[in-house]
A.B. asks: 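What follows is a structure written as structure tokens; I'll ask about it next.
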Amino acid sequence: MKFNAVTGKDLQTLPKTLEFAEMEARLSAQWAKEKLYEFDENSPKEVFAIDTPPPTVSGSLHVGHIFSYTQTDIQARYQRMKGKNVFYPMGWDDNGLPTERRVQNYFHIRCEATAPYEPELNLPPILSVMSDKELQEKKIPQKNLSRKNFIEHCHKLTVEDEKVFKQIMTRMGWSVDWRMEYATIDDHSRKIAQLSFLDLHQKQELYQVEAPTLWDTDFQTAVAQAELEDREIPGAFHDIRFEVEGGGSFVIATTRPELLAACVGITAHPDDVRYQKWIGKYAVSPIFGVRVPIFASELVNPEKGTGILMVCTFGDQTDVLWWREQKLPLRQIVGRDGRMQAIVFDATGSFPSIQPDAANQAYAALQGKTIKQAQKIMVEQLLAAAVLVNPPKPISHAVKFYEKGDRPVEILTTRQWFVRLLDKKEKLIEYGKKIKWHPEFMEARYRNWTENLGIDWCISRQRFFGVSIPVWYRIDAQGRIQHDQPIVAGKELLPVDPMSDVPPGYVESQRGKPNGFIGESDVFDTWFTSSLTPQLASHWELNPARHKKLFPMTMRPQAHEIIRTWAFYTIAKSYLHEVSIPWKNIAISGWVLDPDRKKMSKSKGNVVTPAQFIEEQGADAVRYWTGLARYGVDTAFDPNIMKIGRRLVTKIFNASKFVLQNSAAAGEITEPLDLAFLAKLKHLAVQADRHFEQFESAQALQETEKFFWSHFTDSYLELVKGRTWTAPGAGLTSEQEKAKSSAVFATRFALKEFLKLFAPFVPYTTDEVWRWAFQEEAVSVHSTAFPTAADFEGIPDGNPEAFDVAMAVQAAINQQKTLAKVSIARPIVKLKIKAHPESLKWFELVQKDVFAATKTEKADCNANESLERLQVEVSDVEYGPDAVKG
RNA sequence: UGGCUCGUAGCUCAGCUGGUUAGAGCGCUACCUUGACAUGGUAGAGGUCGCAGAUUCGAAUUCUGUCGAGCCAACCA
């Protein structure tokens, strides 16, 4: 391979130090201008489509985002360099509870369905009006906003938040195609989500039912199984005596005495001899005097409590099971707001009592109270009635909470929409197996969750800022809502808001009237929309050609704690809609742990904001830290690693300056040492490429960095200095000129390869250097091809062993100098070298460079069979005088 | 209680399908301004690979058990 003559850069024209803040701002603007990262819809190139996670827009990006998104960006940049047509969109997950909560606090407002709409209402952030302290002292209540006003303010804040997010993302150098931006609440997403609903409705995979559902009393909405988490909280067993009809009594143990009025049955294990005699009879609840059946159930643990327990509607999920199996009556006493609702005991109604007056009197004390207050009052009543046989026994037990809630979830009977999933568990597991999981073991988590799924997917939420369920209900002449015959919006109407839009054939004035209609006020579970991210980005039914090009997507990057939600629901949706997997690969990133290896979370207060570290170390340094983490492995947050990244880019910067300052006449790479080094570099390039292909980019970085540092800067560049550096005025022989050209072209060639190898990880520094010298070849390092063996075609094969031996001898001589505590620059008059004969043979090829670099004038080389291949012994060193300074 | 990960130098981690004396970086120690870089360079100390068995000529690597940490789920009357 012939190289043209190059003129060395004047070091004075290159920056003395790396000013990363300026560089990063300049280059990211440049990239946008050059449209380096745009997806080409018409290109025949192979598509690499990324199903980017839309971050929840709720304040600030945290270091976990920086971590996992950068891993994705590294992949995207690599694939682009491999010539793929990379589709890398960004979405904003801005609907749902977290946003509502943030909006409530930010403006100090709450949504009140009955509040009148105020046109042009534009509230300022509450903290710009009064301080936190003032707000608390004056106890100013939140302003009630109509649904419409509330949603307007949600939009207003999310738009602002998204700007801030985008700024950090750009600074981090994420090569997102910003033309592909969407928000889960925008018209496009609402349309797709509602189309999804229509499709599922048409396929009869949807149903609505009035049934016990998980309910959060704070947010007053239904929640899904996937959104629950266990929390260990204190509770107490209360032993309460029940009389048996026809004589006798027993004592049940319950942690929820406040539900006594909701008692619908008693159960014990069929083999439990203590209680067998009561099975089939009726018990009478104390205080309220309600007759309830006593039945046997295998599910009862005789060891627990007293071995016999009361079934209420509903204390927990097992109660639901017994209620169904035994066809027990429904006696719901907890209201949607988490307070004891009004009920009436009488002889024959749904709360039949043998002593209605006493029951009503007792219940009057509970009505309107919260669950906690009611429990206290109930215990007092039980004590007074002498049916609480023991003092409450404190225990600590796990209770289900909505993950974002502050009080345990209740089970209430409400009308909700569900997607049928339980009948598809087998298929969903099968389709999960068709996806390649990185790392593989994460598939087990998906399978585990799917196997254990207990209830269908409840998709309706009683919230405001979300995608509307596109249905209306007829109201009959008597004013009754006909839930069983919903009017589903037609495709052409989407997106619709049934709360303001009118169904076909009706007019607005009929809303809420007999013979009229009413709009569904519920919105979708946010996962209903999020599970469509591939379809949102591909435009699915709206643009089938585009969808076909992009779907199934190539990869989904995501965190492991949302395998059961986001990954699961996305797989479910793709299966339901198109009997397809949504993506070919799913890459699970680990968590960022704090330095004490605890998970970072807002509640623990150990969250680190990334902005500070980007400012201090630069985006490339932060990217380096994330680049070292493998998929699925948790990583401790460690600013020290960023410092090492910082050191690496500084080294790249300085080594580049060194290489680029050298000039040479046209020529070829001929010297054995140069060829030997390039042979090793070729091997590295092939390895790095292989690691990338296997989703092991961390490995690629690690090997590249190691090689760059030990072989390139510490060894090779030192070894060729003698040839690249020319004393001013020194006339070179043609032989020397050739040797010089060889070194200059080899180092330049190697530098280019290194820039490309590092480009996905540290895009700024590598591109900065690229633009100093190599723009004739490509406008940016990011528009070049990733190194492969093909790059080395035309360069004669070198002997990698020769390079290894050169390094070994260099190290052995250095060691002597270190032991003698002399400067590395100290000349050596003569020394003795002993090495394996084979090694000596290789050494002959490169000894000139090694002796030049170590300033060795004369060496006596001896073969020694007993030494290992790379074992080199240096002895009898005679030093010359110190180099003359100046 | 079940499933899945992890346990290697003071710290953060590599060690892929078992094979010479177990690696890197940080930190530590000593030395060196060498013309790209002191945000540098050269060298050094530091590990019975959680523990106990088994398989094997050979185990950090495979298997079994065990201890510890974390996650996911079950239980949660």
Side-chain angles (χ1 to χ4, degrees), chain A residues 11 14 16-18 229-230 232-233 235 237-238 252-256 259 266-268 299-301 304-312 315-319 322 395-400 439 441-449 451-454 560-561 563-564 590-591 593 595 597-599 625 628-630 632-636 638 640-641 643-644 646-662 691 694 696 698-699 702-703 705-706 709-710 713-714 717-718 721 725 727 810-811 813-826 853 855 868 883 885:
Chain A
L11 285 192
L14 297 179
K16 177 87 182 108
T17 53
L18 190 56
E229 65 181 29
D230 283 358
E232 197 71 24
I233 58 165
F237 266 127
H238 300 76
I252 61 111
T254 179
T255 56
R256 303 208 53 183
L259 293 180
I266 296 289
T267 185
L299 295 174
V300 179
N301 175 4
K304 194 148 186 175
T306 56
I308 188 163
L309 61 108
M310 69 168 180
V311 178
C312 306
D316 63 33
Q317 290 196 53
T318 336
D319 282 347
W322 284 317
I395 54 160
S396 172
H397 60 161
V399 176
K400 294 228 179 293
F441 68 77
M442 289 293 180
E443 193 265 339
R445 301 214 179 169
Y446 168 80
R447 192 168 6 99
N448 221 305
W449 170 259
E451 277 165 359
N452 288 315
L453 201 65
H560 52 71
E561 79 270 24
I563 288 176
R564 66 177 189 173
W591 279 338
L593 308 174
R597 299 206 63 79
K598 296 259 160 31
K599 193 198 168 189
W625 164 67
L628 278 182
R630 293 173 304 147
V633 177
D634 296 344
T635 299
D638 190 352
N640 284 327
I641 309 265
K643 280 189 192 150
I644 297 160
R646 179 78 194 288
R647 237 174 42 122
L648 173 66
V649 295
T650 306
K651 194 73 175 178
I652 293 173
F653 173 86
N654 283 314
S656 301
K657 286 203 294 186
F658 171 73
V659 168
L660 295 174
Q661 73 177 336
N662 298 313
H691 292 313
Q694 293 169 352
E696 287 169 1
Q699 189 77 13
Q702 213 173 359
E703 286 179 20
E705 183 196 12
K706 176 94 176 67
W709 213 284
S710 70
T713 64
D714 287 352
L717 289 186
E718 294 300 330
K721 262 182 185 170
W725 179 66
Q810 184 192 22
I813 296 175
N814 284 338
Q815 186 178 34
Q816 291 300 311
K817 287 182 173 174
T818 299
L819 288 174
K821 298 194 175 184
V822 303
S823 158
I824 295 295
R826 184 79 172 266
K855 299 196 194 301
E868 300 285 334
K885 290 186 184 175

A.B. asks: Remember a base hit wins even if backbone is also touched, and classify Ala655(A) as base, sugar-phosphate or nothing at under 4.0 Å, heavy atoms.
C.D. replies: base
A.B. asks: Could you work out, with salt bridge (charged side-chain N to carboxylate O under 4.0 Å, His left out) as the rule, every residue matching Lys400(A), not counting sequence neighbours?
C.D. replies: Asp230(A)
A.B. asks: For G47(B) and C71(B), measure between their C1' atoms and round to the nearest Å.
C.D. replies: 29 Å
A.B. asks: Find which nucleotide of RNA chain B each of Val659(A) and Thr267(A) is nearest to by heavy atoms, and output the residue with the more 5' nucleotide.
C.D. replies: Val659(A)
A.B. asks: Is there a side-chain contact between Trp625(A) and Thr635(A), using heavy atoms and a 4.5 Å cut-off?
C.D. replies: yes
A.B. asks: If you measure from the C1' atom in C13(B) to the same atom in G7(B), how many Å do you get, rounded?
C.D. replies: 13 Å
A.B. asks: Is there a side-chain polar atom (N or O) of Lys651(A) under 4.0 Å from OP1 or OP2 of G41(B)?
C.D. replies: yes
A.B. asks: Using atom C1' of each nucleotide, how far apart are G10(B) and C67(B) to the nearest Å?
C.D. replies: 23 Å
A.B. asks: Indicate yes or no: at least one non-hydrogen side-chain atom of Trp709(A) is less than 4.5 angstrom from one of Arg647(A).
C.D. replies: yes
A.B. asks: When the distance from CG of Leu660(A) to P of A36(B) is rounded to whole Å, what number comes out?
C.D. replies: 12 Å
A.B. asks: Does some side-chain heavy atom of Val300(A) sit less than 4.5 Å from a side-chain heavy atom of Ile308(A)?
C.D. replies: no
A.B. asks: Are OP1 or OP2 of A74(B) and a side-chain N or O of Lys400(A) less than 4.0 angstrom apart?
C.D. replies: yes
A.B. asks: List the protein contact pattern of nucleotides 3-9 of chain B with one symbol per nucleotide (5' to 3'): B for base contact, S for sugar-phosphate-only contact, - for none; contact means a heavy-atom distance under 4.0 Å.
C.D. replies: SSS----
A.B. asks: Side chains of Val659(A) and Leu717(A), heavy atoms from C-beta outward: is any pair under 4.5 Å?
C.D. replies: yes
A.B. asks: Check whether any side-chain nitrogen or oxygen of Trp591(A) sits under 4.0 Å from OP1 or OP2 of G70(B), and answer yes or no.
C.D. replies: no
A.B. asks: For Arg447(A), check salt bridge (charged side-chain N to carboxylate O under 4.0 Å, His left out) against everything at least two apart and list the hits.
C.D. replies: Glu443(A)
A.B. asks: Heavy atoms under 4.0 Å, any strand shown: does Trp322(A) hit a base, just sugar-phosphate, or nothing?
C.D. replies: nothing
A.B. asks: Quick one: list whatever passes side-chain hydrogen bond (donor to acceptor under 3.5 Å, both in side chains) with Glu229(A), sequence neighbours left out.
C.D. replies: Arg231(A)
A.B. asks: Could you tell me how far G41(B) sits from A36(B) if I compare only their C1' atoms? Round to whole Å.
C.D. replies: 13 Å
A.B. asks: Mind checking what makes salt bridge (charged side-chain N to carboxylate O under 4.0 Å, His left out) contact with Glu561(A), not counting sequence neighbours?
C.D. replies: none
A.B. asks: Test of understanding: with side-chain hydrogen bond (donor to acceptor under 3.5 Å, both in side chains), list the residues that count as partners of Thr254(A), not counting sequence neighbours.
C.D. replies: none
A.B. asks: Starting at atom CD of Gln699(A), determine the distance to atom P of C13(B), rounded to an integer number of angstrom.
C.D. replies: 16 Å
A.B. asks: Grab the N/O contacts between the protein and nucleotides 42-47 of chain B below 3.5 Å, and write none if there aren't any.
C.D. replies:
from	atom 1	to	atom 2	distance (Å)
U42(B)	O2'	Asn814(A)	O	3.4
U42(B)	O2'	Thr818(A)	OG1	2.4
G44(B)	OP1	Gln815(A)	NE2	3.2

A.B. asks: Would you say the side chain of Gln317(A) and the base of A74(B) hold a donor-acceptor pair, judged only by whether the two atoms sit under 3.5 Å apart?
C.D. replies: no
A.B. asks: Under 4.0 Å, counting only non-hydrogen atoms across every strand here, what does Ile563(A) touch: a base, just sugar-phosphate, or nothing?
C.D. replies: nothing
A.B. asks: For atom P, what is the distance between G19(B) and A59(B), given to the nearest Å?
C.D. replies: 11 Å
A.B. asks: Which is true for Gln661(A) with a 4.0 Å heavy-atom rule: it touches a base, it touches only sugar-phosphate, or it touches nothing?
C.D. replies: sugar-phosphate
A.B. asks: List in chain and number order the residues that pass side-chain hydrogen bond (donor to acceptor under 3.5 Å, both in side chains) with Gln816(A), two or more places apart in sequence or in another chain; answer none if no residue qualifies.
C.D. replies: none
A.B. asks: Side chains of His238(A) and Thr255(A): does their closest heavy-atom pair fall under 4.5 Å?
C.D. replies: no
A.B. asks: Determine the interatomic distance between C1' on A45(B) and the same-named atom on U1(B); round to the nearest Å.
C.D. replies: 48 Å
A.B. asks: For Thr254(A), which contact category applies under a 4.0 Å heavy-atom criterion: base, sugar-phosphate, or nothing?
C.D. replies: sugar-phosphate
A.B. asks: Any salt bridge linking Lys706(A) with Glu703(A)? Criterion: basic side-chain nitrogen under 4.0 Å from a carboxylate oxygen.
C.D. replies: no
A.B. asks: Provide, to the nearest angstrom, the distance between the CG atom belonging to Asn301(A) and the P atom belonging to U1(B).
C.D. replies: 14 Å
A.B. asks: Between C37(B) atom C1' and Leu717(A) atom CG, what is the distance in whole Å?
C.D. replies: 11 Å
A.B. asks: Figure out the CZ/P separation between Arg826(A) and U34(B), and round it to whole Å.
C.D. replies: 13 Å
A.B. asks: Between Gly307(A) and Lys16(A), just flag the one whose closest nucleotide in RNA chain B comes earlier from the 5' side.
C.D. replies: Lys16(A)
A.B. asks: Produce the list of close N/O pairs, under 3.5 Å, pairing protein atoms with atoms of nucleotides 16-26 of chain B; give distances to one decimal.
C.D. replies:
from	atom 1	to	atom 2	distance (Å)
C26(B)	OP1	Arg647(A)	NH1	3.2
C26(B)	OP1	Arg647(A)	NH2	3.2

A.B. asks: Provide, to the nearest angstrom, the distance between the CD atom belonging to Glu718(A) and the P atom belonging to G40(B).
C.D. replies: 14 Å
A.B. asks: Using whole Å, report how far CG of Leu453(A) lies from P of A74(B).
C.D. replies: 10 Å
A.B. asks: Defining pairs by Watson-Crick or G-U wobble geometry with both distances under 3.5 Å, how would you list the stems of RNA chain B with at least three pairs each?
C.D. replies: B:1-7 with B:67-73, B:10-13 with B:23-26, B:28-32 with B:40-44, B:50-54 with B:62-66
A.B. asks: Any heavy-atom pair between the side chains of Gln810(A) and Asp714(A) that's under 4.5 Å?
C.D. replies: no
A.B. asks: Please classify the nucleic acid contact of Lys304(A) as base, sugar-phosphate, or nothing, using heavy-atom distances under 4.0 Å.
C.D. replies: base
A.B. asks: Apply ring-ring contact (aromatic ring centres under 6.0 Å, His included) to Phe653(A) and list each qualifying residue two or more places apart in sequence or on a separate chain.
C.D. replies: Trp772(A)
A.B. asks: Could you check whether Ser710(A) gets within reach of a base, just the sugar-phosphate, or nothing at all, counting any heavy atom under 4.0 Å?
C.D. replies: nothing
A.B. asks: Under a 4.5 Å cut-off applied to non-hydrogen side-chain atoms, are Ile644(A) and Glu705(A) in contact?
C.D. replies: yes
A.B. asks: Whole-Å distance between U34(B) P and Lys721(A) NZ?
C.D. replies: 11 Å
A.B. asks: Between U42(B) and C72(B), how far is it from one C1' atom to the other, in whole Å?
C.D. replies: 50 Å
A.B. asks: Looking at Phe658(A), I'd like to know if the NZ or CZ of Lys721(A) sits under 6.0 Å from its six-membered ring centre while staying within 45 degrees of the ring's axis.
C.D. replies: yes
A.B. asks: With rounding to whole Å, what would you report as the distance between A9(B) and G15(B) at their P atoms?
C.D. replies: 15 Å
A.B. asks: For His691(A), enumerate each residue passing the ring-ring contact (aromatic ring centres under 6.0 Å, His included) test, keeping only those at least two apart in sequence or located in another chain.
C.D. replies: none
